[in-house]
Structure formats: structure tokens, C-alpha cells
Amino acid sequence: MAQITKSYEPHDVEKKWYAAWQQAGCFAGHPKAGKEPYSIVIPPPNVTGVLTMGHVLNNTLQDILIRRARLEGQEAMWLPGTDHAGIATQTVVERELRKEKKTRHHLGREKFLEKVWSWRDEKGGMILKQLQALGASADWDRTQFTMDPHYSKAVLTVFADLFAKGHIYRGKRMVNWCPVSLTALSDEEVIMKPTKGVLYQVRYEMVNQPGRFIEVKTTRPETIPGDVAIAVHPDDPRYTALIGQQVWRPLNRAQIPIIADTAVDKEFGSGALKITPAHDKVDYEVGQRHKLLPIDVLEPDGKMNELAGAELAGLDRFAGRKKAAELLKESGALVKEEPYENNVGYSERADVPIEPRLTWQWWLKYPRIEEAKTAVRDGHIKFYPERWSKVYLHWLENIQDWCISRQLWWGHRIPVWYQKGLDKEKLSEADLRDPAKVHVSLTGPSDPENWTQEDDVLDTWASSWLWPFATLGWPDQAAMDQAGFDYFYPTATLVTGPDIIFFWVARMIMAGLEFIRPGESLERRIPFKNVYFTGIIRDQQGRKMSKSLGNSPDPLDLIEKYGADGLRFGIVSIAPQGQDIRFQEDRIESGKGFCNKLWNASRFRQMSGEMADNSSLHAILARLEPAKFDADDHGILDRLLATTREVDRCFTEFEFSAAAQAIYGFFWNDFCDWYVEVSKAKVQDASAKANSLALQDLVLRETLLQLHPFVPFITEELWHLLGYGAEGSFLMRDASVEGTSQLVDAFAPLGVKVDLKASAANRVLQLSASKYRADKAAAGMAGVRLATVYYEVNPAYASYFTEQTAPNYARIFETNHFQAGTIPDAINSVTGVATFYMQRPAGDTAAEKARLTKELEILAKHIAGTEARLSNEAFVSKAPPAVLEGARKQLADQRAKKVEIERLLGALG
RNA sequence: GGACCUUUAGCUCAGUUGGUUAGAGCGUUUCGUUGACAUCGAAAAGGUCACUGGUUCGAGUCCAGUAAGGUCCA
């Protein structure tokens, strides 16, 4: 067996095992009769993406779930892939073109798309490689891309199907228009930001009463040429007489009517509102109600057009605003300007204010809204943390039709063809449904020369909402069979960020319900059973980590510095359920430190004695000698079972950081700092050695199993170095983790049973050691190794701290020798287990007295507190017996201790 | 405007159904180490649990309100 080196060097180990796992096909998931499936689909990162800390957290958690499922004997399958990311990817390639002073229009659609594809082949999907460096055990042979031919087929099939069902329509409506990307956006892609601007108060002169004005307030004077009316509230007494009259529009002067509409807020400004249907959603609706034709004064790129009037035409919208204000000022129409802050919608990608713009787009009426609510409300799909279900349900309550068309080239081109010669801007709903005029299919019309295909592509999310089943071969039965669709769908758990609850999670649920296993139960159609929402990783100042701020460390640098396992353990241990995470590099460092601890404890085991049969749990248990178990043995077994139980619980409740911390605490404190320290004496004792080492082997084995999902590389390496796994087998694939009850069941036939009393005594001994060392340090002898420590054991612990066992604790008590009995004029430490006497360095007893006196004071306070409680009639009569009993015992202990300390003080004189 | 989250040690955070003297990691200070690990060990200092009121024998924990910070939706 190979010698374990002095410190853990992750890099070679990581490379070695990742390659070996991959070569052995450990990541693959295949349907297996009699085995429970456990599947996860990755939230597909953008194909343009590079690994961020958010990805590290998200994918580490998925890998933990997948690896744990494997160890629990389930058939695990983690499906990876990337998203074509319409706008993002197109923007990247357009940016490269711009360097050559070209736009996509220079190339034309076909050539441009070729260029995007070659960009993708060359540079896209780098992020998947990075995930491998992190240790992700995804089934890479299944890697998917949302523009793969079969995936595209799924997307177009869904379009055609929803069109046929009447869920999809074409309409000229207000959309969120991005003047930079020149495309429509869905509501979800618009970010509202408080923006400082100016509120202009403008007066419109009455046509038939010159000199009389009606005033409105607006933040957008450049749209005044697009005004078609002034609206007031019908019940507003200030204006009732004016309704129906005409006013002069102050820019691009023309007569417009005063109309009455209940949408007007009487309280805002003067109570009168300018109506600009082409540039505001509410105004558009008002215009519709009053049959007013919109006047669009903007070009798609945000420049003013000739309808805005000669002075404004050609200006950018922001320059136009300035110019409009000047013109109003000159004409005397501008009454007042005041600073103003309001919420302005920004394009998520281009980060510029969007324009509400009237365009023809394709819209989707969501299917299965009610079922989607039921699925979550009734717990068929569980959200962790649960509170996000409220956000989800609220969105579904207020859901709006989805604008699914984008004026881009990169994406799934909408499978609609228009009969040549038709004006598609004038299609009625009836025309749309007339196959002679509009053709909708996957393959296109049989006489393509007579048709023109729709230019628009679909929103990227209109492909990713099919992810949980399009990646499993849907809609082709043969492909589904091959992918194991029937076995793996629905997937077990989705791990994602709450920021895409609407974009993705909700839509996937609706898509699954609509398209999968029609007519079957809800449970069979939902895409996943659990959704775990991660927190968002923030920097020290609490800001989101982002590329533009440059405040995100490169995960690959962190892997280089701390190892993939160190990074994984560090990030998981600081990620409590559902809370945002403030990133601290020192936590990653401590993740690495823990790996090193694990490594060295294993190394020490190897150095402590010959390795024996570790080939199975049973083999190790058979080496134990239960008859020889002492309090330490019972203690560590008890703690091992408690930790296993806690980790089991954490996995069922998705509390990953609690699981990591439970194992960390157990291994470092209970095992290394106590059990291994104590065993240093035992392995010198021929009769105790074998049992002690077997117990270490057991603890190490179980720890590696529990820890593997978190730190896969080092655990696999140690698994082999310590002889737990045979050559050619793998911890990650061939081992299985035992739950608490399974461990107990395995213990029983071999007579291994935890003595809880002994375990409790062991805990007291540990606390006593702490107390003793604290007293010793207080006496100025911290760390000093004493030749002899005398002790008088507390009768209650007489069987746990004896002449025979005392030497085991010599190292922990920093002494060479224990001697039963007392010595006069010594420092006394009263612990639970015993009173320990240490030779005083020299004469002075003042410090000692002061310490004991202080201790007595604190004790007196506690005694008073406990007495007060116990003499409280209400407490005694109402508290449950166990609590009452506890308080009584506590008082007895406190009093006994007081007597002892008083005795010691008396002895000091 | 509506909903949700957070507020506990210098920092980052735990704290299960209310029940002894509120914990951890990091940081700080002190001490220790010749054979697992200085990526180590031991100890100490450090908290009016944001505030106000209520329920209760008992509140960090439950309820109501207030304040500050944050997120989402309008």
C-alpha cells in the first residue's frame, strides 16, 4: 500500500481520479430495473458563459445530491448542457464583427449564422470543461445544446402544437423594445430601476378660449408630438366642462381633444394626463378605448422621426428630450421643471431604458396555469425554502401573455410561412388560422417558392422551458426510449437561483404539465419533485458578484489555490439554506485545511500500525472487540451514529451546510482532537491496539462515505490508500453509504452496541479536561508538561477514570504521570470527573485564591437563580417533570461543587 | 403601494417543537509542539440576541408594532 504523504496535494489527485472515473463510465446513468432513479437536469449555462462563483455553488450542490444518491444505491443521472442564449450570444459575435467595422446585415442572415455557429464550436461550452475541473459527475455523453437538431425539433413542435391549440397568436401590441438590441423583450427581461430625471409641467392652450390652458406633467416631453389627446377623470369637477373641447398640442402644433377616462389619477399633478398611445402602455389602452390612432415619433433605434416635427427629427431620444424642453420654453408652454425620480425599465442585456413600442409580435397564452399552481400549492412539487412558493403563486395569479418573438437571427426561427404577397402587418385572426394564407409546420410548405418565412426567432426561454424533457429525447419515441425518458422523468430535484423563478421554473412546470404524458396524473407530468433555491453570492460589501464590477474571484484560481475539494467544501459550508452568501475567501481556505486534516488523520492511521482487513463494513466490525470498549470507544461510536443521523436529516431537508458542518465538527473535534489523541497511548498497549485501530478504521470509512459528495477527490484517493476499495472499484460508483439504522443493524450481530452511559461519561471527561486545562492556564502553567498530577476521582466516575485508564489521558492533561491521591498546597481543579492537584510553581497562592473566589461567586449566582426557579410555585406546578427534574439535579450538582470549592479555599488558608 | 428576507461576539453566520450558564469558524491575546497535521494543539477575552409591548412558570425562539438594511412585484 502506498505511503501517504505529509500534506495533501490536490492537483494530481484530481486529474487522476477524474480521468479514471470518466474512463470507467462512472458518470453514466442508465435505467436499471429494481433501482430507484435519481435524476437532475443542470440549469444550462449560457454557451457564452464562464464559470462564476454562482455556478460553483449551484453545481457543487447538484453534484452533492447526485453523488449522495449514487452512494445510497439509486441510479443517478445528471444531465448537462448549455443554452444558446439568443441575445447574449448574438451580441458577442456582433461585437467581433464591429471590430471589422461590419454589422450582421453586411453578412446577411445565413452567413452571420454560420459565423455564430463557428464561434460556438470554437469557444462555446468552455464552462462545461470548467465544471469538470470542479469534479462535476455529470453524464457528459448526454450533453445537450438548446439548438441541437433534435432539441430544435422539440421547440418547433411545441410552437406548432400551441398554435394549433390557439394558445399562440400574433398581435400588434405594446412591447418592451430594446433600442440597442433592436428586439422585443418579455416583461421578465425588463429591470426596473429608480432613475433621476426631470418632471416637466407643460400647458396646452384651449382652442376656443385663447389664453386659457390645461396643464400636464410629463417626464418625456419629446413624445408630445405623439400626443393624441388630453385625458381627465370624468368625475373631476375641475374639468367636466372642458371634456370634448380641443386644445393645441404645443409641439408639432395640432388640435387634440380633451377626453374623459377613469384611468386618470386625479391626485397626480394637475389631474390631467397627456395621451401618447405609441409610447406608453396605459396611454395605449386609453387610446384604444377612445379609438385614437397612435402617432409613433420614434425609430426602432430610439431616434426621433419626422412625425416628431422638423426640429426634433433625427435626434436621439435623449437629445430630443432636451430639445423638446427648449422648444417648449421658447414658446412659453413650459410652466415649470423639477427634479424627479421614477422607476424606468431597463433592458436586462443592453442596460439601456427600454421603449414601450407598438409592434407586431407573437404571443403565448400560458397553458396549464391552474395546474401549475396546484402542483406547488398541494406539494407535488416542493420548494426549498418553502417561502418561494408564495412568490411563484403570486406571479401565476397575475400572469400576462408571454411575448415569445425576438427580432434576432440567433435562435429558433419561428416555423411560420406567409403566402407571398400577403401583408403580414394586416393579418386578422381569421387570416392567421387560414392555411391558405399562413402555413405553420416543422418542415415548411411543400411549395416554398410561394411562401416567405417569418423573420423572427423565439425567445431563448421558449426553448429552455422544455429542458427537462427535450433533453430526454422528447418528442421522438425512439430517442426517448434510448434516453430512458420513462425511467428518469420526472427528475428528482432542480437546483437553481430564485432570480429565475418566472423565467424558467414556472414555465418548465407549465410545459411539463402540458406536453408530457397527457391524461396522466399530475405527479407523472411535473418536470421535477423538488426545487432547491440557492442564495446569491455577494462580495464583502454585500454587492452581487458581477463581471462588470470585477468583484468575483475566478473559481479556477481558487481551485488552483485550494483544490477543487477545498473550494467545494468551503463554498458549501458558508451557504445556509436560502440565504444570500457573503463570500469570504478564508472559508475556502478552511475547506482546504479540512482536506488536509482528513489527509493527515488517515496518514496517522497508516503510521500507527499495520493496516488490516478494511474491505467491507462487516470486515471492520468483525475486527472490533466490544468486550474491550471503554468510554472513549462508546463515545466515538455514539457520536458517529449521531453524525450519521444528522447528515441523513440534512439531506432530506436540503440543509447542505449543516451537513458539512456536522461532519467537520465530528471529525475534527470528536475524532482527531480526542479519540485519536487518546488512542496514541492505546496503540502502545498490545491488548488495546487492535480494537482501537479497528475503530479508527470504522470512523474513517464512514467519514469518507459521508464526505464523498462534498469532497469527491480526496475521499476517493483515501478510500484506496486505506484499503477500503479493491483495485478497479470506485468509492463514487461501487460503495454505498449506510444510514444510521443500517449501521446499527450491521453492529448488532457482532455484539457492537453503544453504551450510552459510558458515552455520557466520556463527554463529561472531555469537559473536565477542558476545565482542568483552563484552571491550569489560569495558574500560569498553560502548556506546561507536569511530571505528576494527583487526582481524587468523583465516585460517580470511578469506573471511567481509573488507575488503568488514566495514562490514556496523560497527553490531553499535559502530564507524564497520574497518581491517585492528594498533595498538600497544590493547585486544585474541580472537574466533573475528579479533583486534580497540580504542584504550584512557587509559593504565591493569591492568584489561586482569586480564581477560586471568582468561581465561587459565579457559582453562587447560578445557585441563586436555580433556587429561585425551584421555589417559584408556578414553575413547580406547571413545568413538565423532565424540566423540573433537570433543574433539581442541576441544583444538587451546583451545591456539591460549591462545597468542594469552599473546602479547597479553606485549605489554602 | 404590496409581498418576502435580514438584524445574535470585531467579522461571517448557526441556534430544530419555547426549557440549565446563547454556540461555531475566522480574527485578537496568551501558552505549547523532537514521531499525523504550524494547513497543528490548548486556553482566554469578547454578546442589554435591533427596539417597544404582549402571551407564558419560562422568550434569541411565539404574537403585535417600530426602526434600519436588502430582494422581488407593481
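Within every chain, numbering begins at 1; the chains are lettered A, B, ... in the order of the sequence lines, protein sequences first and strands thereafter. Keep in mind that the numbers below use all heavy atoms, side chains included, and drop hydrogens, waters and symmetry copies.
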ask   = Does A:E646 come within less than 4.0 Å of A:R649, counting only side-chain N to carboxylate O?
value = yes
task = Measure the distance from CD1 on A:I500 to P on B:C73 and round it to the nearest whole Å.
result = 13 Å
query = Just checking A:S602: base, sugar-phosphate only, or nothing, at a heavy-atom cut-off of under 4.0 Å?
reply = nothing
Sugar-phosphate, base or nothing in reach of A:C595, heavy atoms under 4.0 Å = nothing
Derivation of the ring pair (Phe, Tyr, Trp, His ring centres under 6.0 Å) call for A:W388 and A:F383 = CA-CA 7 Å; A:W388 290 112; A:F383 282 8; 9.0 Å; no
task = Would you indicate what A:W674 reaches in the nucleic acid, counting non-hydrogen atoms under 4.0 angstrom: base, sugar-phosphate, or nothing?
result = nothing
message = Between A:K6 and B:C37, is there a contact of a side-chain N or O with OP1 or OP2 at under 4.0 Å?
response = yes
inquiry  = With hydrogens left out and only the distance checked, is there a donor-acceptor pair under 3.5 Å joining A:K680's side chain and the base of B:A36?
reply    = yes
request  = Taking only Lys NZ, Arg NE, NH1 and NH2, and the carboxylate oxygens of Asp or Glu, determine whether A:E677 and A:K680 approach each other closer than 4.0 Å.
outcome  = yes
inquiry  = Does A:K373, at its NZ atom, have more than 12 non-hydrogen atoms belonging to other residues, nucleotides or ligands within less than 6.0 Å?
reply    = yes
Euclidean distance for C1', B:U48 against B:A59 (whole angstrom) = 15 Å
task = With A:R639 as the cation and A:W674 as the aromatic partner, state whether NZ or CZ is under 6.0 Å from the six-membered ring centre and within 45° of the axis.
result = no
query = In whole Å, what separates the P atom of B:C73 from that of B:C51?
reply = 33 Å
message = Applying a 4.0 Å non-hydrogen cut-off, can you work out what A:P498 is touching in the nucleic acid: base, sugar-phosphate, or nothing?
response = nothing
query = Within the side chain of A:T831, is there an N or O that forms a donor-acceptor pair under 3.5 Å with the backbone of A:A834?
reply = yes
query = With a 4.0 Å cut-off on heavy atoms, is A:A887 in touch with a base, just the backbone sugar-phosphate, or nothing at all?
reply = nothing
note = As its Watson-Crick or G-U partner within any shown strand, both distances under 3.5 Å, B:U16 has none
key: Identity of whatever pairs with B:G58 - Watson-Crick or G-U, under 3.5 angstrom   = none
message = For a quick check of understanding: with a heavy-atom distance under 4.0 Å over all strands, which category does A:E677 fall into, base, sugar-phosphate or nothing?
response = base
key: Side-chain donor/acceptor of A:S770 to backbone N/O of A:L767, under 3.5 Å   = no
task = For A:K897 and for A:E9, locate the closest nucleotide of RNA chain B by heavy-atom distance; then report the residue assigned to the nucleotide nearer the 5' terminus.
result = A:K897
task = Scan A:K889 against the nucleic acid and name what it touches under 4.0 Å (heavy atoms): base, sugar-phosphate only, or nothing.
result = nothing
inquiry  = When the C1' atoms of B:U20 and B:C26 are compared, how many Å lie between them, rounded to an integer?
reply    = 29 Å
inquiry  = Counting primed atoms plus P, OP1 and OP2 as sugar-phosphate and everything else as base, spell out the protein contacts along nucleotides 1-14 of chain B at 4.0 Å heavy-atom distance: B, S or - for each nucleotide, 5' to 3'.
reply    = --SSSS----SBSS
key: Between B:G47 and B:G23 - P atom distance, rounded Å   = 14 Å
key: P atoms of B:U28 and B:U39, separation to the nearest Å   = 14 Å
key: Along RNA chain B (nearest heavy atom to each residue), the more 5'-positioned of A:E646 and A:S7   = A:E646
request  = Considering only atom P, compute the distance from B:A24 to B:A44 and round it to an integer number of Å.
outcome  = 10 Å
message = Categorize A:D673 for me: base, sugar-phosphate, or nothing, with a 4.0 angstrom heavy-atom threshold over every strand shown.
response = sugar-phosphate
request  = With P as the reference atom in both, quote the distance from B:C11 to B:C72 in angstrom, rounded to an integer.
outcome  = 26 Å
inquiry  = Under 3.5 Å for both donor-acceptor distances, Watson-Crick or wobble: does B:U7 have a partner, and if so which one?
reply    = B:A67
Whole-Å C1' distance, B:C49 and B:G15 = 11 Å
query = Do NZ/NE/NH1/NH2 and the carboxylate oxygens of A:R701 and A:D697 come within less than 4.0 Å?
reply = no
task = Look at the aromatic rings of A:F503 and A:W461 and report parallel, tilted or perpendicular, splitting at 30° and 60°.
result = parallel
